[in-house]
Each structure stands twice: as structure tokens, then as C-alpha cells.
Student: 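Okay, here's the structure, questions in a sec.
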Amino acid sequence: VEAGLALLRAEGAAGLSQHRVARAAGVRQSHVTYYFPHRTDLVTALAQAAVAGITTPARAGRARGRADGLERIGHGIAGTDHMRMHLALVAEADRDPALREVLVEATRPMLEALAAELGVPASDPRAAAVLAALWGVGMYRFLVAPAARDDGVAALLALVGAPCERGARPSPPRARAKAPGSQLSR
């Protein structure tokens, strides 16, 4: 699984095959095929391992009283290696309904971990909005590659972290004055 994750992170979905995973792991292809008879089985295991790599440290930290779980999850989701993997699999899932379902299933633990850190139920639409926004930050960072000091994850979490923290309800939006000559309220 680690060899498959390394290939997926380095080369995206195009570099992922049972033969290449076996070669990278230093085992015969029959070993990989035994455990993962179909490519979808392999991708499922890789998606589960990738998600566990993002959510497990945050959950363990939370159990020890650490308060940085939301930031840890955010950086894991928006990280360049994860984003390369994510974008490649999303593009491939567009043509493969079985892979699409694998990705939907892999999204659930991320959503649950984010919701727990936000202090809301996983069914709360704010948790899904934060996940979608983190994907957006990750895609932006992956494509545009802003300077390392430009931390879009921290900026996003600063926007959403306080109102959602530990189940608190956000205050209603305040009316904002229209800028002179502007079509939209700010």
C-alpha cells in the first residue's frame, strides 16, 4: 500500500498499475494481485490509507487534548501530494462509476473528522463546506503554487474556525454598506 501511495503521489493515477506497485514494493506482481485482484480494489485500499494518514493523527491528538486537529486535517487535505492524488483520482472517477463510489466512501471519514474538530455533526452542511473549501485551497496551491509563507489553509480556518468552534452557532451576517459606485454589497 505504501508503494502504491508513493506512486500515486508522485505520478498520479497514470502511474498506478499492479505491475508498477509490485516493482516499487519489491514483490512479485502475483502478491499484489492476490490482495488486490482488480485495480479498483487497489485504489480503494490506497484511498483508505491516504484518508487514515490525514485523519488518524488529528484524532489521536484530540484524544491527548491537542487543539490543532483542524489545522492538521486541513494541511493534510490541501497538501500538494494529497492534492495530486486527489485530482488524478477525481478525473479518473469521472469515467469510472466504481471509482467514484470509492472516492465518495473515502470522503466520509474526512468529513466526520472535520465535523468532530468543528464541534458539529457530520450532517451539518458547514462541515461539507469546509471540506470543499479545503479542496479548493489545495487545488489552488497545487496549480498556482503560492509561496510557502502564503498559508491558504490557515486563512480559510481563520474564516470558519471561530464561528463553528465546538458547536457554536455563527452570528447572523451583518448588513454592510454598499460602496459608492458599486453594484454589489461588500
Student: Applying salt bridge (Lys or Arg N to Asp or Glu O under 4.0 Å), can you list everything that pairs with Arg100, at least two apart in sequence or on another chain?
Tutor: Asp94
Student: Can you pull out every salt bridge (Lys or Arg N to Asp or Glu O under 4.0 Å) where at least one residue sits in residues 75-91? Sequence neighbours excluded, please.
Tutor: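 Every pair satisfying salt bridge (Lys or Arg N to Asp or Glu O under 4.0 Å) with a residue in residues 75-91: Asp81-Arg84.
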Student: Mind checking side chain to side chain contact (heavy atoms under 4.5 Å, CB included) for Pro121 and listing every partner two or more places apart, or none if nothing turns up?
Tutor: Ser123, Asp124
Student: Report the distance from atom OG1 of Thr56 to atom CZ of Arg72, rounding to the nearest 0.5 Å.
Tutor: 11.5 Å
Student: What's the spacing between Thr44 OG1 and His38 NE2 if we round to 0.5 Å?
Tutor: 11.0 Å
Student: Can you name the nearest heavy-atom pair linking Ile73 to Ala113, along with the distance?
Tutor: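 Looking at all heavy atoms of both residues, the closest pair is CD1-CB, 3.7 Å.
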Student: Who passes side chain to side chain contact (heavy atoms under 4.5 Å, CB included) against Ala128, sequence neighbours left out?
Tutor: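 For Ala128, the residues satisfying side chain to side chain contact (heavy atoms under 4.5 Å, CB included) (neighbours in sequence not counted) are Leu111.
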Student: Considering only residues two or more places apart or on different chains, which pairs with a residue in residues 94-135 satisfy ring-ring contact (aromatic ring centres under 6.0 Å, His included)?
Tutor: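 Non-adjacent pairs meeting ring-ring contact (aromatic ring centres under 6.0 Å, His included): His86-Trp135.
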Student: Distance-only check: which donor-acceptor pairs under 3.5 Å involve side-chain atoms of residues 12-23, not counting sequence neighbours?
Tutor:
unit_1, atom_1, unit_2, atom_2, d
Ser17, OG, Arg20, N, 3.1
Gln18, NE2, Phe36, O, 2.4
His19, NE2, Arg23, NH2, 3.3
Arg20, NH1, Glu11, OE1, 2.7
Arg20, NH1, Gly15, O, 3.4
Arg20, NH2, Glu11, OE1, 3.0
Arg20, NH2, Glu11, OE2, 3.0

Student: Going by side chain to side chain contact (heavy atoms under 4.5 Å, CB included), name the residues that satisfy it together with Ala6, two or more places apart in sequence or in a different chain.
Tutor: none
Student: Same hydrophobic cluster for Met139 and Leu131, using side-chain heavy-atom links shorter than 4.5 Å among ILVMFWY?
Tutor: yes
Student: I need the minimum non-hydrogen distance between Val102 and Ala47, along with the two atoms involved.
Tutor: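 It is CG1-CB, 4.1 Å.
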Student: List in chain and number order the residues that pass side-chain hydrogen bond (donor to acceptor under 3.5 Å, both in side chains) with His82, two or more places apart in sequence or in another chain; answer none if no residue qualifies.
Tutor: none
Student: Looking only at heavy atoms, what is the nearest atom pair of Val137 and Val153, with distance?
Tutor: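 The pair with the smallest heavy-atom distance is CG1-N, 3.8 Å.
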Student: Return each pair, listed once, that meets side chain to side chain donor-acceptor pair (under 3.5 Å) where at least one residue sits in residues 101-112; pairs must be two or more places apart or across chains.
Tutor: Glu105-Arg108
Student: Less than 4.5 Å apart, any side-chain heavy atom of Leu8 and any of Val43?
Tutor: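 No; the side chains remain at least 4.5 Å from each other.
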Student: With sequence neighbours excluded, tell me which residues meet side chain to side chain contact (heavy atoms under 4.5 Å, CB included) with His31.
Tutor: Val27, Arg28
Student: Please check if Phe142 and Leu5 belong to a single hydrophobic cluster, counting links between Ile, Leu, Val, Met, Phe, Trp and Tyr side chain heavy atoms closer than 4.5 Å.
Tutor: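 No: no chain of side-chain contacts under 4.5 Å links Phe142 to Leu5.
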Student: Would you name the heavy atoms of Ala98 and Asp96 that are closest together and state the gap between them?
Tutor: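 Here Ala98 and Asp96 meet closest at N-OD1, 3.0 Å.
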